[in-house]
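Here's the structure we're looking at; comments come further down.
What you see below is based on every heavy atom in this structure, not just the backbone, and it leaves out hydrogens, waters and symmetry mates. First listed ligand is number 1; within each ligand, the first listed atom is number 1.
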Amino acid sequence: MDEKYLIEQAYKAREAAYTPYSGFQVGAALLTKTGKLYLGCNIENAAFGPTNCAERTAFFKAVSEGEREFEGIAIVGGKAGERIGEMCAPCGVCRQVMHEFCNPETFYIILEDGNGGYRKYLLKELLPFGFGPENLKSNAPQES
Ligand code: THU
């Protein structure tokens with residue numbers, strides 16, 4: 001899928017951001033391996049802790065619909081009512097959620113800079129040496 005289109009969809013997702021506390025609005029467009037798109041925005045909470053980032057909203061929507069294989073994600077973020085001036089990098093918790101479902105060698109993360117420019121990273125670049133499902137598999141020698 002076209003990278004510019006993914007970014008456009010992330011902007012569309014951002015329109016629904018619920019951010020009465022920070023005013024920082026983020027949108028994410030998550031692409032599955034079969035070409036389906038799931039949009040997510042950040043959803044804040046008066047108790048602060050339950051706040052959900054845009055990226056996780058997109059992932060949880062997709063996973064709850066049965067999706068397990070992902071290609072990439074586009075993310076845009078910035079203060080409401082202001083021009084976006086820089087890339088919005090995913091937080092550590094969202095990187096960890098990505099690592100649960102995505103191949104760090106191939107899953108890409110597109111960050112737009114607010115001026116039509118963007119950078120594309122692989123998950124392994126943003127979360128090197130991540131802890132994932134593989135780490136929970138036993139590596140003890142099997143008894144014969
Ligand atoms: N936020 C996201 O949605 N994604 C990110 O990658 C960074 C932070 C949200 C959480 C909170 O609603 C607001 O931005 C300020 O941290």
Give the contacting part of C53 toward ligand 1: side chain, backbone, both or neither, where contact means a heavy-atom distance below 4.0 Å.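 For C53, backbone and side-chain atoms both sit under 4.0 Å from ligand 1.
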Side chains of Y108 and Y121: closer than 4.5 Å at any heavy-atom pair?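 Not in contact.
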Judging by distance only, is a nitrogen or oxygen of [X] under 3.5 angstrom from one on ligand 1?
| X | answer |
| --- | --- |
| A54 | yes |
| A89 | yes |
| N42 | yes |

T51 and N45 side chains, donor-acceptor separation under 3.5 Å: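 Side-chain D/A pair, N45 to T51: absent.
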Is there a donor-acceptor contact under 3.5 Å linking the side chains of N42 and R14?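 There is no such pair between these side chains.
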Heavy atom of T19 under 4.0 Å from ligand 1?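 False for this residue.
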With the threshold set at under 4.0 angstrom, would you say P90 reaches ligand 1 through any of its heavy atoms?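 Flag set, P90 near ligand 1.
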To the nearest 0.5 Å, what is the distance between OG1 on T32 and CD on E65?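 Nearest 0.5 Å value for the OG1-CD distance: 11.5 Å.
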Return the closest protein heavy atom for atom 15 (C) of ligand 1 as residue, atom name and distance.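 Ranked first by proximity to atom 15 (C) of ligand 1 is S22 OG, 3.7 Å.
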In one Ile/Leu/Val/Met/Phe/Trp/Tyr side-chain cluster, 4.5 Å: V26, L6: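 No: no chain of side-chain contacts under 4.5 Å links V26 to L6.
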Within a distance under 4.0 Å of any heavy atom of [X], pick out the atoms of ligand 1 and give their elements.
| X | result |
| --- | --- |
| E55 | 2 (C), 3 (O), 4 (N), 5 (C), 6 (O) |
| C91 | 6 (O) |
| E44 | 11 (C), 12 (O), 13 (C) |

Counting only non-hydrogen atoms of the protein, does one fall under 4.0 Å from atom 12 (O) of ligand 1?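 Yes, because at least one protein heavy atom sits under 4.0 Å from atom 12 (O) of ligand 1.
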So, F107 versus F70, ring centres under 6.0 angstrom or not?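 No, the ring of F107 stays outside the 6.0 Å limit from the ring of F70, centre to centre.
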Go through it in stages, so that I can follow the logic: the residues are E44 and S22, the test is side chain to side chain donor-acceptor pair (under 3.5 Å), and I'd like the CA-CA distance, side-chain angles, deciding distance and then a yes or no. CA-CA 8 Å; E44 297 188 345; S22 76; 2.5 Å; yes
Criterion side chain to side chain donor-acceptor pair (under 3.5 Å) on Y38 and E67, from CA distance to verdict: CA-CA 10 Å; Y38 288 86; E67 303 288 350; 3.0 Å; yes
